[in-house]
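Let me begin by presenting the structure, written as structure tokens, before commenting on it.
Note that the structure is predicted; figures quoted are calculated from it, not measured.
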Amino acid sequence: MNDNKTMNNDIKKSDQTTHQDMIDLMRGFMDNGKPQVGIFWYDYVNNTLFGVQKDDADKYQDEHGINTLHKLHKDYWMKQHYRAVAKNQKDSIFFNETNYTLIPRGRVFVRPDGSLYVTVGDWIHGMIGNQKVIDADKLTELLIDEFNLPEDFEYVTDYHWDIGHGWSGDKL
């Protein structure tokens, strides 16, 4: 009988520990208002960001290395693609598109001095193919809201982020 009582106490303790762990975990999901770094794709038709992966910028602010979330667009995209295929989510962009570089994407970085910048391709200037489709002001609003960026953050364009381009696998 004592064994059952001990076991019940252990279960109650375990439930309390699990409950506190869940509360602590959920606190981590809250928007703490801090600037964040990470990756995103931009759906210019619906003026939304998607595939956003982010974390607090102050965790990545140092004087050495890459000062951003350590997650590749390619890896995230393929994981979502396989998930969408497994769930037969035919309406998902991840289901229908295997090339993550064909949708406007970017990355938010933090410099050692704490300033933030967003890397994007030439698509930021409005054109994809021969059509003017990007509204940089709308994108800026979305990024400020999603990543808690200051209004004066900087865009940096790089060939790697252009539509249809990415890092060569052999160079990684």
Side-chain angles (χ1 to χ4, degrees), residues 20-84 92-94 97-128 133-172:
Q20 186 59 49
D21 290 344
M22 291 304 293
I23 288 172
D24 293 341
L25 177 67
M26 296 309 284
R27 278 193 186 115
F29 296 152
M30 292 174 52
D31 183 355
N32 59 16
K34 292 181 178 180
Q36 297 177 313
V37 296
I39 63 173
F40 65 90
W41 280 267
Y42 179 49
D43 176 352
Y44 56 86
V45 174
N46 296 305
N47 191 42
T48 59
L49 299 177
F50 70 98
V52 172
Q53 298 291 290
K54 61 187 179 179
D55 198 4
D56 292 342
D58 59 5
K59 293 180 184 178
Y60 300 86
Q61 184 181 346
D62 62 27
E63 295 185 28
H64 308 291
I66 302 294
N67 299 338
T68 189
L69 184 71
H70 302 166
K71 190 169 282 201
L72 294 174
H73 280 88
K74 178 182 180 181
D75 293 343
Y76 179 79
W77 191 274
M78 292 313 296
K79 183 176 182 177
Q80 298 309 311
H81 170 71
Y82 293 131
R83 181 175 288 151
S92 169
I93 190 160
F94 297 111
E97 184 57 67
T98 58
N99 188 344
Y100 72 99
T101 70
L102 297 179
I103 294 102
R105 71 191 191 290
R107 181 180 288 274
V108 180
F109 289 86
V110 61
R111 292 184 176 101
D113 68 4
S115 63
L116 294 132
Y117 66 99
V118 178
T119 56
V120 293
D122 280 339
W123 56 264
I124 192 66
H125 301 299
M127 303 295 285
I128 295 184
V133 294
I134 303 294
D135 184 334
D137 291 336
K138 288 181 179 179
L139 175 60
T140 298
E141 289 175 16
L142 289 171
L143 290 170
I144 288 170
D145 183 55
E146 185 67 42
F147 290 92
N148 295 317
L149 300 178
E151 290 185 17
D152 64 347
F153 78 85
E154 174 187 4
Y155 282 109
V156 175
T157 58
D158 186 287
Y159 179 76
H160 160 75
W161 306 99
D162 286 349
I163 302 297
H165 297 279
W167 295 106
S168 296
D170 60 340
K171 293 182 182 177
L172 292 178

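Considering every non-hydrogen atom in both Phe147 and Gln53, the closest pair reads CE2-O, 4.3 Å. Looking at every heavy atom in both residues, His81 comes nearest to Glu97 through ND1-O, 4.1 Å. Residues Pro35 and Leu116 approach most closely at CB-CD1, 3.5 Å, considering heavy atoms. The nearest pair of heavy atoms linking Ile134 to Trp123 is CG1-O, 3.3 Å. Across all non-hydrogen atoms, the minimal contact from Tyr117 to Val156 is CD1-CG2, 3.6 Å.
For the pair Asp162 (side chain) and His165 (backbone), a donor-acceptor distance under 3.5 Å is absent. Here the side chain of Gln36 pairs no donor or acceptor atom with the backbone of Asp55 at under 3.5 angstrom. Judged purely by atom type and a 3.5 angstrom limit, Asn148 uses its side chain to pair as donor or acceptor with the backbone of Lys34. Side chain of Lys74 to main chain of Gly166: no donor-acceptor pair is present (N/O by atom type, distance under 3.5 Å, no hydrogens or angles). With hydrogens and angles ignored, the 3.5 Å screen pairs no side-chain donor or acceptor of Asn67 with any backbone N or O of Phe109. Within the 3.5 Å criterion, the main-chain N or O of Val37 finds no donor-acceptor partner in the side chain of Thr68.
Atom CD of Glu141 sits about 9.5 Å away from atom CD of Glu151, to the nearest 0.5 Å. In this structure, CG in Asp137 is found 11.0 Å from CG in Leu142, a value given to the nearest 0.5 Å. From Asp122, atom CG reaches atom CG of Asp158 across 9.5 Å, with rounding to the nearest 0.5 Å. With values rounded to the nearest 0.5 angstrom, Leu143 atom CG is found 4.5 Å from Phe40 atom CZ. To the nearest 0.5 Å, atoms OH (Tyr44) and CD1 (Ile103) are separated by 9.0 Å. Here the CZ-CD1 distance, from Arg107 to Ile39, works out to 6.0 Å after rounding to the nearest 0.5 Å.
Phe153 has its side chain out of reach of Val108: every pair of non-hydrogen atoms, C-beta onward, lies at least 4.5 Å apart. By the 4.5 Å heavy-atom criterion applied to side chains, Thr157 and His125 are counted as neighbours.
Each of Ile93, Asn99, Leu72 was checked for a side chain to side chain contact (heavy atoms under 4.5 Å, CB included) with Trp77, and the lone residue meeting it is Ile93. Results of the side chain to side chain contact (heavy atoms under 4.5 Å, CB included) test with Leu139 over Asn47, Val118, Leu49 single out Leu49 as the only residue that passes.
Note: His70 and Tyr60 have perpendicular aromatic rings, judged against thresholds of 30 and 60 degrees for the angle between ring planes. Ring geometry for His73 against Tyr100 counts as parallel: the plane angle stays under 30°, on a 0 to 90° scale with 60° as the upper cut. The aromatic rings of Tyr76 and Phe94 sit perpendicular, their planes meeting at an angle over 60°, well past the 30° parallel limit.
No more than 12 heavy atoms of other residues, nucleotides or ligands lie within 6.0 Å of OH in Tyr82, so this atom counts as exposed by the packing criterion.
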